[in-house]
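Note sheet for the following structure.
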Amino acid sequence: MPDLNDAARGRILFGGDYNPEQWPEDVWQEDVRLMREAGVNTATVGVFSWARLEPRPGARDFGWLDRVLDLLDTNGIGAVLATPTASPPPWMGARHPETLPRSEDGSVIWYGSRNQFCASSPVYRDYARRITEDLAERYREHPALRMWHINNEYCTSCWCDETARHFRRWLSARYGSLDALNEAWGTAFWSQRYDAWEEIVPPRKVQYIVNPTQGLDFRRFTSDALLECFTAERDIVARHSPGIPVTTNFMPLWIGQDGWTWAGREDVVSVDIYPDPKDPHGGAYGAMVHDLTRSQAGGPWMLMEQAAGPVNWRGVNHPKPPGLMRLWSLQAVARGADAVCFFQWRQSRQGSEKFHSGMLTHTGQGGRTFQEVKGLGADLVRLAAAVDGRVESQAAILHDWNAWWAGQQPGRPSTLLDYEQVLRAWHQALWESGITTDFAHPEADLSRYPLLLVPHLYLLTDAALDNLAGYVRAGGTLVCGFFTGVADEDDRIRAGGVDVRLRELLGLAAVHEWWPLDGGETVTVEDTGLGTFSGTLWSEDLEPAGAHPVAVHKGGVLDGRPAVTRHPYGDGTAWYVSVLPEPAALRALLARAADETGVRPPLPGLPAAVEAVHRGSLLFLLNHGQHPATVPVPGAHTDLLTGRDVTDEIHLDRYGVAVLRQDGT
Amino acid sequence: MPDLNDAARGRILFGGDYNPEQWPEDVWQEDVRLMREAGVNTATVGVFSWARLEPRPGARDFGWLDRVLDLLDTNGIGAVLATPTASPPPWMGARHPETLPRSEDGSVIWYGSRNQFCASSPVYRDYARRITEDLAERYREHPALRMWHINNEYCTSCWCDETARHFRRWLSARYGSLDALNEAWGTAFWSQRYDAWEEIVPPRKVQYIVNPTQGLDFRRFTSDALLECFTAERDIVARHSPGIPVTTNFMPLWIGQDGWTWAGREDVVSVDIYPDPKDPHGGAYGAMVHDLTRSQAGGPWMLMEQAAGPVNWRGVNHPKPPGLMRLWSLQAVARGADAVCFFQWRQSRQGSEKFHSGMLTHTGQGGRTFQEVKGLGADLVRLAAAVDGRVESQAAILHDWNAWWAGQQPGRPSTLLDYEQVLRAWHQALWESGITTDFAHPEADLSRYPLLLVPHLYLLTDAALDNLAGYVRAGGTLVCGFFTGVADEDDRIRAGGVDVRLRELLGLAAVHEWWPLDGGETVTVEDTGLGTFSGTLWSEDLEPAGAHPVAVHKGGVLDGRPAVTRHPYGDGTAWYVSVLPEPAALRALLARAADETGVRPPLPGLPAAVEAVHRGSLLFLLNHGQHPATVPVPGAHTDLLTGRDVTDEIHLDRYGVAVLRQDGT
Amino acid sequence: MPDLNDAARGRILFGGDYNPEQWPEDVWQEDVRLMREAGVNTATVGVFSWARLEPRPGARDFGWLDRVLDLLDTNGIGAVLATPTASPPPWMGARHPETLPRSEDGSVIWYGSRNQFCASSPVYRDYARRITEDLAERYREHPALRMWHINNEYCTSCWCDETARHFRRWLSARYGSLDALNEAWGTAFWSQRYDAWEEIVPPRKVQYIVNPTQGLDFRRFTSDALLECFTAERDIVARHSPGIPVTTNFMPLWIGQDGWTWAGREDVVSVDIYPDPKDPHGGAYGAMVHDLTRSQAGGPWMLMEQAAGPVNWRGVNHPKPPGLMRLWSLQAVARGADAVCFFQWRQSRQGSEKFHSGMLTHTGQGGRTFQEVKGLGADLVRLAAAVDGRVESQAAILHDWNAWWAGQQPGRPSTLLDYEQVLRAWHQALWESGITTDFAHPEADLSRYPLLLVPHLYLLTDAALDNLAGYVRAGGTLVCGFFTGVADEDDRIRAGGVDVRLRELLGLAAVHEWWPLDGGETVTVEDTGLGTFSGTLWSEDLEPAGAHPVAVHKGGVLDGRPAVTRHPYGDGTAWYVSVLPEPAALRALLARAADETGVRPPLPGLPAAVEAVHRGSLLFLLNHGQHPATVPVPGAHTDLLTGRDVTDEIHLDRYGVAVLRQDGT
């Protein structure tokens with residue numbers, strides 16, 4: 001199978017979405033001239049061009065695209081060619097209203113924006129197949145073609161009747177019989193037993209709490225229905241050009257798509273990342289997305305979209321201060337990206353995203369943004385030759401969409417419990433300690449990681465539970481967070497509330513009760529090692545059976561009961577953390593568990609806000625702080641970005657980056 | 001007519017909803033064993049069993065229910081048998097979409113949850129009638145049968161076309177002619193005059209404020225339409241088993257059902273109560289619900305549902321700390337309950353309420369909850385023999401759904417004015433003073449109460465106004481709150497803004513203007529007796545005509561105007577309270593009015609947070625506080641819960657309860 | 001063309017909406033007696049009388065209206081006669097459901113409130129035409145008739161299929177060809193290209209951000225569609241009674257109607273004003289609305305509706321403290337009104353607005369409100385003979401609905417940027433400095449104003465840009481606020497982000513980036529003249545090219561960059577203000593620019609909260625403060641309200657007003 005290197009060909013891909021159809025052709029010449037000036041080597045074209053390519057049903061207008069691709073090729077710029085299927089032309093919705101999605105309340109989602117397609121619609125699928133076929137046929141051998149980009153940020157859901165029929169087929173394949181479905185969904189509750197497949201509908205607007213397994217399966221189905229759309233198009237382009245890698249761009253930590261399954265179906269894993277430039281934890285967030293994407297890719301990955309400046313869809317859209325765009329771009333390279341791209345090359349003058357920045361903004365080539373883009377292009381050229389290693393992690397965080405989906409349903413102990421927030425808190429604690437982590441699926445082979453973290457997996461399959469037990473038994477160190485192992489694959493509560501296998505592993509007789517905390521409420525926990533700290537969000541009434549209470553509650557209903565436990569199991573160790581410790585305490589706790597396991601940061605004594613990460617033999621140093629920092633780096637190095645020698649310490653400006661190669665390597 | 005004692009038969013009913021159809025039959029054996037161990041003597045079955053009982057239209061599957069009822073009977077456990085009509089099977093909505101309710105905006109409420117029936121649908125009603133008939137026919141003489149439970153928490157509203165036709169019939173019966181309707185609804189305003197019955201629809205989505213009397217009548221109609229569903233099923237079961245009492249479980253202070261009317265149509269009044277365990281006023285709230293339910297029942301009543309631990313539908317669902325479940329259960333007995341039941345016996349493993357606790361939780365019989373349930377069962381056995389008296393109140397609070405409905409419409413002086421909040425504030429003030437109150441309908445015979453409270457009745461009928469005047473004239477003491485007597489039965493403003501009869505009674509020439517207060521805004525009021533206090537929510541510009549100004553405004557627009565007045569009228573006295581005093585001031589004010597009337601708490605010098613209430617000859621003492629308390633109880637008593645002698649004082653733990661019988665009685 | 005004086009006939013119109021159909025006819029006699037007692041000389045009748053006038057399709061019931069008009073005439077009270085078309089009778093929606101509007105999500109807006117008509121419906125339009133024709137025919141020569149009032153507060157929007165067809169016709173007329181529309185809407189973005197007119201729909205519910213120019217044109221279309229309804233009715237009444245002026249009542253600063261266009265189509269400009277009596281800036285708000293309405297009218301205008309006391313549609317509805325109703329009424333006269341009217345004469349007893357106050361409230365003629373109404377009536381008689389001059393302003397604020405519409409679309413730099421808020425801030429700053437302003441359209445002749453203010457016009461046409469440049473070139477002083485001149489008429493971003501003509505005028509090479517501020521965030525700005533002040537909401541990275549930096553940023557990302565600039569251009573001066581200064585600083589800044597231009601308040605040394613404004617030769621002094629004030633007025637005057645001599649200073653009570661005529665004039 002082709003991979004990212006078939007597109008990158010030894011370079012770091014650099015460029016962005018390019019929508020020349022929004023501009024007169026005389027602007028195109030300026031575009032490629034400035035692309036070359038900026039070191040751009042790749043352009044993503046055609047993402048939203050369906051109405052241009054197929055102005056009416058069955059018609060084709062490829063001439064302009066021929067000229068665009070030829071122009072790019074002439075200028076040495078490769079093309080990531082997109083199928084245009086994320087946004088059907090208005091004629092489709094007008095002529096085939098059944099292709100328009102319907103909301104939970106039955107109302108229609110119209111055209112006039114984008115993404116207005118029902119993934120279950122045979123009409124939509126047929127049109128999508130045909131335009132993809134013609135596009136692949138025409139450009140299969142175009143010299144500019146480097147990669148196929150299918151659709152864009154798959155995210156639609158639909159509750160229409162066609163979707164209902166499709167959902168039934170999917171359920172029938174999953175369960176085989178209606179009895180099995182009734183059993184899995186627990187339809188004995190509230191008189192929901194289905195007597196015929198035809199009765200089943202998506203979880204539409206209801207009076208009260210909807211059946212949670214119906215909701216969970218609809219999440220699974222929707223991800224799969226979109227995946228069918230993806231694979232149908234992927235198969236077409238792969239048939240025409242087998243050597244060209246295929247991708248679709250993920251939204252990071254997007255709840256709608258099962259990223260593990262999807263990543264397995266594409267040649268290149270790519271992602272769009274848009275942290276808020278004002279988020280003080282933007283660097284930690286980026287690192288998490290990079291780690292997740294790299295783990296999904298199993299190697300180099302592609303940053304498909306980021307903003308050179310502000311986006312336009314937040315309440316208040318802040319530009320990126322000088323240096324921040326470069327910092328976050330190089331952070332992606334540090335954490336495994338071989339492609340750093342943007343949405344979009346030239347900022348639009350019209351339409352819904354005209355205030356979304358571009359590499360070339362409204363103020364043009366004289367503006368700060370384009371100058372910084374050029375600088376980044378030069379940096380990437382400097383790094384391309386040197387960067388070839390991989391990011392190796394000694395720790396992994398378990399993450400699973402099924403657990404996320406099941407755990408976010410209504411009717412649970414606390415609606416304040418947000419899966420992503422807990423995941424971010426744990427990853428950030430490790431990142432701030434300088435420990436680089438992978439993400440892994442709960443049923444994956446985990447044996448290469450000395451340290452394993454499970455911040456919160458409400459749902460764990462039998463296989464995952466056995467996997468965890470085997471991991472610790474074989475010597476691994478597991479740190480497990482609260483409200484984990486509660487539900488089985490059908491969102492059925494495990495006997496005892498928490499699965500007995502997990503309890504045995506953790507050395508707990510019982511988790512008697514979940515005591516979720518109100519917003520702003522804290523519990524006080526005393527840890528002999530870490531001192532007293534506060535916990536938020538959650539607490540539990542634990543009864544140990546073998547586990548050592550590392551930290552106990554002080555005061556409150558749970559006074560004296562354990563809050564954090566540690567349990568030797570087989571050749572390994574299992575920790576349990578039943579609260580969400582305040583950030584400093586979580587950092588110290590996880591660092592302690594890591595240290596016991598021999599997992600340590602690449603450099604000791606890192607200043608706060610400086611990230612240090614190895615990619616192959618290179619050491620990336622990234623200063624996320626508002627102030628300059630001095631970093632001790634024992635020995636003699638060369639900074640690849642400046643070419644300067646670095647001995648024993650290096651000074652980093654605000655948002656400064658260094659990429660060090662140890663002399664002699 | 002049969003009553004609660006026909007079911008209780010000298011015991012206090014103790015048990016819960018039992019849904020064995022959610023479990024394999026081998027679990028049933030453990031269920032009844034543990035029920036017996038816990039002292040459970042009653043189980044409510046069948047509430048949501050329609051899809052199981054009638055798996056497809058007209059089919060019947062009663063075998064499992066036969067076995068359940070036989071098993072209960074064999075084990076000495078009585079059954080409250082429910083008609084399953086609260087949750088129609090999916091086949092009904094799928095085959096008869098017109099049975100599904102529609103929202104104000106026309107969108108459909110689907111199955112997949114519960115309560116998805118239109119109360120006006122003949123199809124739904126027919127299916128409901130037939131399953132009820134067959135159920136009643138089959139189990140009419142089953143020895144386990146103790147009570148019929150119709151439907152569950154009636155609460156649906158519907159705005160569909162069938163509802164529109166039904167609404168028109170109801171209106172036609174109410175008004176006789178379209179002219180009378182146009183007059184009552186004030187359709188001269190905004191060109192709303194109806195020219196034909198067919199034009200009338202429920203108050204659907206509109207551009208601006210809907211006609212308030214249309215809204216009020218739709219509230220009345222919806223309550224009545226649901227009541228028709230109830231009485232149709234009641235008549236069937238009563239015909240089959242005339243000696244078995246019939247109930248349906250109310251939600252307390254639920255705005256959707258006119259509780260006075262409904263209570264009159266059932267043999268047993270039962271209620272579901274779910275205070276937030278973290279609500280510091282949960283005890284006061286429970287007391288109010290108990291008082292209201294007892295008043296609706298006119299004697300002993302049934303606590304049909306409460307949670308042994310956390311519920312699952314709040315934002316954050318807190319367990320009950322040790323002792324709280326017992327405290328609140330015994331509080332219900334203290335205030336007249338002869339049945340203490342739970343939703344549900346065994347916590348579900350699947351479905352929308354799997355995180356709603358049960359008497360037997362996921363952690364099982366070893367858990368704290370089941371241990372406390374057993375303890376409560378034993379307490380109830382101890383009390384059953386001794387408890388037979390009634391709770392006698394010397395004070396009554398007037399409460400009326402019509403006033404609530406009319407007063408909560410949009411387009412009024414203040415949307416911050418919340419009927420239930422005002423009612424709670426007044427009841428809590430009395431409860432904290434140790435004064436037990438009944439609730440009463442404004443047109444009821446009030447002569448047995450020395451003290452009458454009207455916290456806020458925006459709408460008062462002519463009959464009610466005459467009733468109030470007669471009550472005071474005959475010597476009663478009335479304390480009347482603001483914004484009362486403003487509207488007539490059709491929500492037509494009374495001449496002068498406040499009805500002249502009420503003004504005469506209160507000694508007021510005019511209520512010139514309502515000055516509602518903003519959130520957080522207060523007015524300062526000076527009372528010669530109580531000192532200076534602050535008022536919130538509301539104020540008024542009063543012009544006395546005979547009334548004595550007890551407290552006057554200090555500062556602000558109303559500086560020097562009376563805020564609280566007192567007026568001798570006939571042989572009685574009428575107070576008027578035109579602000580919502582801060583809690584301590586309201587408590588002092590009502591205690592003063594009570595004291596003048598000779599209405600006093602059962603024990604003087606009660607510590608704060610300790611509730612004392614007489615039921616017959618027994619004195620219940622309940623400590624709602626977080627700390628232990630010592631209560632002076634002059635004389636010699638026996639605590640029925642411990643069997644210990646109590647002389648002159650008793651110590652109560654946090655959440656502790658004592659039930660004292662004076663020695664010699 | 002007839003004008004307001006044809007109705008006022010030398011008097012100041014005084015009265016209110018009069019809805020006798022809500023009352024028995026014996027009340028009418030009391031009405032006119034009390035009207036005469038209060039000095040009422042005008043009554044607006046028929047606004048919501050359609051169902052009464054046309055009880056079923058085609059029927060007519062004019063008898064009651066004959067009697068009302070005769071009664072008014074007999075008592076010397078003129079009538080403003082309304083077409084009843086704002087609220088179709090229920091029979092129209094019931095028989096012709098296509099006349100009911102549909103929301104963006106397709107749901108129907110029902111009758112039962114008001115305004116339930118689709119402006120594009122031929123059925124509605126036909127019925128409206130016919131009732132208007134008959135009304136005009138019947139009352140064309142009635143002696144009571146003084147003015148025609150068309151419909152009421154036009155405000156409905158509709159997204160139905162009929163509207164879609166109408167929208168297409170409107171677009172076809174605007175653009176001529178589909179290619180031109182595709183170009184204007186930028187449909188190359190997101191694959192939105194239209195291939196046939198039939199594909200175009202209103203901007204209905206979509207998945208993500210809707211096409212902004214589609215949204216902008218739908219705003220324009222909706223204003224125009226309503227205007228077609230207005231002009232159709234206007235033409236009918238004008239044909240029947242050519243000497244009678246025609247109006248429709250505006251809601252002030254209502255985004256739905258292009259006030260400049262509408263005002264040009266009516267003989268009298270009238271407005272409804274409902275400031276919150278608790279708004280500390282209510283006086284400033286009133287002044288702004290008066291100034292805008294006067295500018296739209298180009299002379300005397302009509303205050304059609306205000307409340308004598310509380311309204312009923314806010315969350316909390318406060319009465320007006322004593323004096324406030326008079327103050328705000330006389331403020332309108334001061335700023336050019338020749339008519340001071342109310343909604344409504346007699347407070348309704350039923351319907352959605354029964355808690356909206358009237359001139360005659362529920363408490364009747366003995367109440368405070370009616371007493372103050374009588375006092376105001378007497379004041380107006382005193383003023384009527386003396387008031388004949390106009391309000392002359394030396395400053396104008398540019399205001400344009402197109403800019404408002406375009407700038408409020410989703411997907412912009414900051415959703416906190418609220419057009420009306422910025423407009424209010426600037427007008428209030430001038431008002432507090434005592435500088436009376438007109439409002440003007442950006443393409444209007446501005447040459448008579450020494451000072452021109454553009455708080456924020458995101459969209460400026462080419463003609464407007466040229467107009468501004470010409471204005472300054474010819475010697476005018478322009479003060480221009482941020483984020484102005486960004487978009488062209490189609491909401492296409494101008495090259496460079498801000499139009500080059502505006503940049504030249506302002507002396508700016510570039511506005512590099514918009515740095516919107518978060519809620520609560522401020523920037524610090526240092527001004528050599530005004531000292532250090534803080535800016536909120538917005539900031540920008542400016543590159544001057546000729547402009548002098550009046551104030552610069554201190555600290556933050558923009559440290560040292562100019563925040564306020566001043567640029568000599570031609571014979572004039574152009575200021576640019578790139579932040580929203582805190583109120584005191586904005587006041588000082590604008591006062592400085594005004595002072596340089598020779599624009600000064602009518603009196604120096606005015607106490608805070610006292611408004612001074614000249615109308616012709618009269619000087620109105622209005623104390624908006626909570627406390628009395630003493631105002632220096634050099635020379636000898638007579639206060640027309642009291643008849644007293646005033647020499648050198650005058651004392652004003654809280655909410656006090658004086659109208660001074662200089663002795664000898």
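Just so it is clear: chains get the letters A, B, ... in the order the sequence lines come, proteins before strands, and each one is counted from 1. Side chains are part of it too, since the values below use all heavy atoms of this structure and drop only hydrogens, waters and symmetry mates.
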**Request:** Could you go through the side-chain contact (heavy atoms from CB on, under 4.5 Å) check for T187(B) and Q350(C) one step at a time?
**Result:** CA-CA 8 Å; T187(B) 57; Q350(C) 295 181 274; over 6 Å; no
**Request:** Determine, step by step, whether R193(B) and E21(C) satisfy the salt bridge (charged side-chain N to carboxylate O under 4.0 Å, His left out) criterion, reporting the C-alpha distance in whole Å, the side-chain angles of both residues, the deciding distance to 0.1 Å, and the verdict.
**Result:** CA-CA 11 Å; R193(B) 185 187 164 281; E21(C) 66 269 42; over 6 Å; no
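Counting heavy atoms from C-beta on, the side chains of I209(B) and N312(C) come closer than 4.5 Å. Between H362(C) and H512(B) the shortest side-chain heavy-atom distance does not fall below 4.5 Å. For the pair K354(C) and P212(B), the minimum side-chain heavy-atom distance is below 4.5 Å. Residues V201(B) and W110(C) have side chains in contact (heavy-atom distance under 4.5 Å, counting atoms from C-beta outward). Looking at heavy atoms from C-beta onward, W313(C) lies in side-chain contact with Y208(B) at the 4.5 angstrom threshold. Between F189(B) and Q22(C), some side-chain heavy-atom pair lies under the 4.5 Å cut-off. Residues W50(C) and W190(B) form no side-chain contact, since every pair of their non-hydrogen atoms from C-beta on lies 4.5 Å or further apart.
A donor-acceptor pair is defined here as one N or O able to donate and one able to accept, closer than 3.5 Å; no such pair exists between the side chain of R349(C) and the backbone of R492(B). Checked by atom type and distance alone, the side chain of S191(B) never pairs as donor or acceptor with a backbone atom of S49(C) at under 3.5 Å. Checked by atom type and distance alone, the side chain of Y111(C) pairs as donor or acceptor with a backbone atom of E199(B) at under 3.5 Å.
Ring centers of W514(B) and F355(C): under 6.0 Å apart, within the cut-off.
A salt bridge does not link E198(B) to R95(C): none of the charged side-chain nitrogens sits closer than 4.0 Å to a carboxylate oxygen. Using a cutoff of 4.0 Å between basic side-chain nitrogens and carboxylate oxygens, D541(B) and R368(C) are not scored as salt-bridged.
Top candidate by heavy-atom pairs under 4.5 Å with chain B, chosen from R314(C), H356(C), Q116(C), E353(C), is E353(C). Chain C forms more heavy-atom pairs under 4.5 Å with one residue of D488(B), T415(B), V511(B) than with any other, namely T415(B). Contact count against chain C (heavy-atom pairs under 4.5 Å) is highest for V210(B) among V210(B), N211(B), V486(B), D105(B). In terms of heavy-atom pairs under 4.5 Å with chain B, the best-connected choice from G106(C), G112(C), P319(C) is P319(C). Of the residues considered (K205(B), Q207(B), E513(B)), K205(B) shows the highest number of contacts with chain C, using heavy-atom pairs under 4.5 Å. Between chain C and the residues L416(B), D518(B), V557(B), the most heavy-atom pairs under 4.5 angstrom are made by D518(B).
Rounding to the nearest 0.5 Å places CD of Q192(B) at 6.5 Å from OG of S113(C).
The part of T369(C) that comes within reach of chain B is its side chain, from C-beta onward, which places non-hydrogen atoms under 4.5 angstrom from that chain. Interface remark: P55(C) contributes backbone and side-chain atoms alike to the contact with chain B (heavy atom separation under 4.5 Å). Looking at A495(B), only its backbone comes within 4.5 Å of chain C, counting heavy atoms on both sides. Using a 4.5 Å cut-off between heavy atoms, P413(B) contacts chain C through both its backbone and its side chain. Using a 4.5 Å cut-off between heavy atoms, L517(B) contacts chain C through its backbone alone, with no side-chain atom that close. Looking at A94(C), only its side chain comes within 4.5 Å of chain B, counting heavy atoms on both sides. Proximity to chain B is limited to the backbone of P88(C), based on heavy atoms less than 4.5 angstrom apart.
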